Amino acid sequence: IQTAPIAITGDPVLYQKAAPVIAFDVALHNLTQTLMATMLQARGVGIAAPQIGVSQRLFIVASRPNERYPDAPLMEPMVMVNPVLLSGSSEWELGEEGCLSVPGKRLSIARHLWIDAQWQDLQGNTHSGRLHGFVARIFQHELDHLDGITLIERIT
Ligand SMILES: O=C(CSC(=O)[C@H](Cc1ccccc1)CC(F)(F)F)c1ccccc1
Ligand SMILES: [Zn+2]
């Protein structure tokens, strides 16, 4: 399966508002496979389509325990199409984040402790649910990517 080069700071695609996904077709499946392979190769816990140069509203959340979040859940990677943050907790939490598009940086970012999210799967079915902790953090980080916001624009 193909991987793709990851856009880094300065690449205009990172600062655009991505377009909604409308075709749940084989092209979307192929894009998702490339996105997944690229994330795994880069050892990320998430990745958004704009990071491989595709300005579409699609990302992957793939929390796993790591040195910064040792109690992070190990989860099946979740493909989230046209994700929406419905609401977020009033409590915020500072946490260290990295970004495959901002190499070598670890920045302390404030995020909602939990969020209510809605998204579609690859078949176009709508799902919603409450995400907590590190998984909520990754979702918020990836949603920023779909709105052209990187860690640099988010510095606390
Ligand atoms: O695995 C990473 C590498 S950076 C990463 O996986 C980004 C996702 C992310 C890491 C940490 C917090 C939130 C999101 C991926 C990106 F940039 F494509 F979105 C990591 C970095 C800091 C804390 C915990 C894990
Ligand atoms: Zn990122």
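Each ligand, and each atom within it, is numbered from 1 in the order the structure gives. None of the values given here were measured: they were computed from a predicted structure. One-based numbering along the sequence shown.
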Enquirer: For a quick test of reading the model, state the closest non-hydrogen atom pair linking F134 to R64 and the distance between them.
Expert: CE2-O, 4.2 Å

Enquirer: Tell me which protein heavy atom sits closest to atom 23 (C) of ligand 1, plus the residue, atom name and distance to 0.1 Å.
Expert: R68 CD, 3.5 Å

Enquirer: Counting only heavy atoms closer than 4.0 Å, does ligand 1 sit against the backbone of V45, its side chain, both, or neither?
Expert: both

Enquirer: Are a donor atom and an acceptor atom from the side chains of T150 and E153 found within less than 3.5 Å of each other?
Expert: yes

Enquirer: Quick one: look up the protein heavy atom nearest atom 12 (C) of ligand 1 and list residue, atom name and how far away it is.
Expert: E97 CG, 3.5 Å

Enquirer: Applying a 4.0 Å heavy-atom criterion (strictly less than), which segment of M39 is in contact with ligand 1: side chain, backbone, both, or neither?
Expert: neither

Enquirer: Over all heavy atoms of both residues, which pair between R154 and I109 is shortest? Give the atoms and the distance, please.
Expert: O-CD1, 3.8 Å

Enquirer: Distance to 0.1 Å, residue and atom name: give those for the protein heavy atom nearest to atom 7 (C) of ligand 1.
Expert: G98 O, 3.6 Å

Enquirer: Given E142 and H145, is the side-chain contact (heavy atoms from CB on, under 4.5 Å) satisfied, shown in steps?
Expert: CA-CA 5 Å; E142 304 307 339; H145 276 302; 3.5 Å; yes

Enquirer: Does R106 come within less than 4.0 angstrom of ligand 1, counting non-hydrogen atoms of the residue?
Expert: yes

Enquirer: Please check this pair: side chain of H112 against backbone of S89, looking for a donor-acceptor N/O pair closer than 3.5 Å.
Expert: yes

Enquirer: Report the nearest protein non-hydrogen atom to atom 17 (F) of ligand 1: residue, atom name, distance rounded to 0.1 Å.
Expert: L100 N, 2.8 Å

Enquirer: With a cut-off of 4.0 Å, which atoms of ligand 1 are near a heavy atom of G44?
Expert: 6 (O)

Enquirer: Determine the minimum heavy-atom distance between A136 and L131, stating which atoms define it.
Expert: CB-O, 3.5 Å

Enquirer: Would you check, one step at a time, whether the test side-chain contact (heavy atoms from CB on, under 4.5 Å) holds for Q120 with N125?
Expert: CA-CA 5 Å; Q120 288 174 278; N125 306 310; over 6 Å; no

Enquirer: If the cut-off is 4.0 Å to any non-hydrogen atom of H141, which atoms of ligand 1 fall inside it?
Expert: 13 (C), 14 (C), 16 (C), 17 (F), 19 (F)

Enquirer: Suppose we measure from atom 8 (C) of ligand 1 to each protein heavy atom; which comes out shortest, and what is that distance?
Expert: E142 OE2, 3.6 Å

Enquirer: Do E96 and S108 have a side chain donor and acceptor closer than 3.5 Å?
Expert: no

Enquirer: For the CD atom of E97 and the CZ atom of R68, what is their distance to the nearest 0.5 Å?
Expert: 11.5 Å

Enquirer: Quick check on contacts: which atoms of ligand 1 are under 4.0 angstrom from a heavy atom of Q51?
Expert: 16 (C), 17 (F), 18 (F), 19 (F)

Enquirer: What are the two closest non-hydrogen atoms of L146 and P50, and how far apart are they?
Expert: CD2-CD, 3.7 Å

Enquirer: Are the side chains of L86 and I115 in touch, meaning some heavy atoms are under 4.5 Å apart?
Expert: no

Enquirer: Give the atom numbers and elements of ligand 1 that come within less than 4.0 Å of a heavy atom of C99.
Expert: 4 (S), 17 (F)

Enquirer: Provide the number and element of each atom of ligand 1 under 4.0 Å from a heavy atom of E96.
Expert: 23 (C)

Enquirer: Look at atom 25 (C) of ligand 1 and find which of I109, D144, N66 reaches it with the closest heavy atom.
Expert: N66

Enquirer: Which residue and non-hydrogen atom of the protein lie closest to atom 1 (O) of ligand 1, and at what distance in Å?
Expert: R43 O, 3.5 Å

Enquirer: Suppose I only count heavy atoms of I47 and a 4.0 Å limit; which atoms of ligand 1 are within that range?
Expert: 18 (F)

Enquirer: What protein heavy atom is closest to atom 16 (C) of ligand 1, reported as residue, atom name and distance in Å?
Expert: G46 O, 3.5 Å

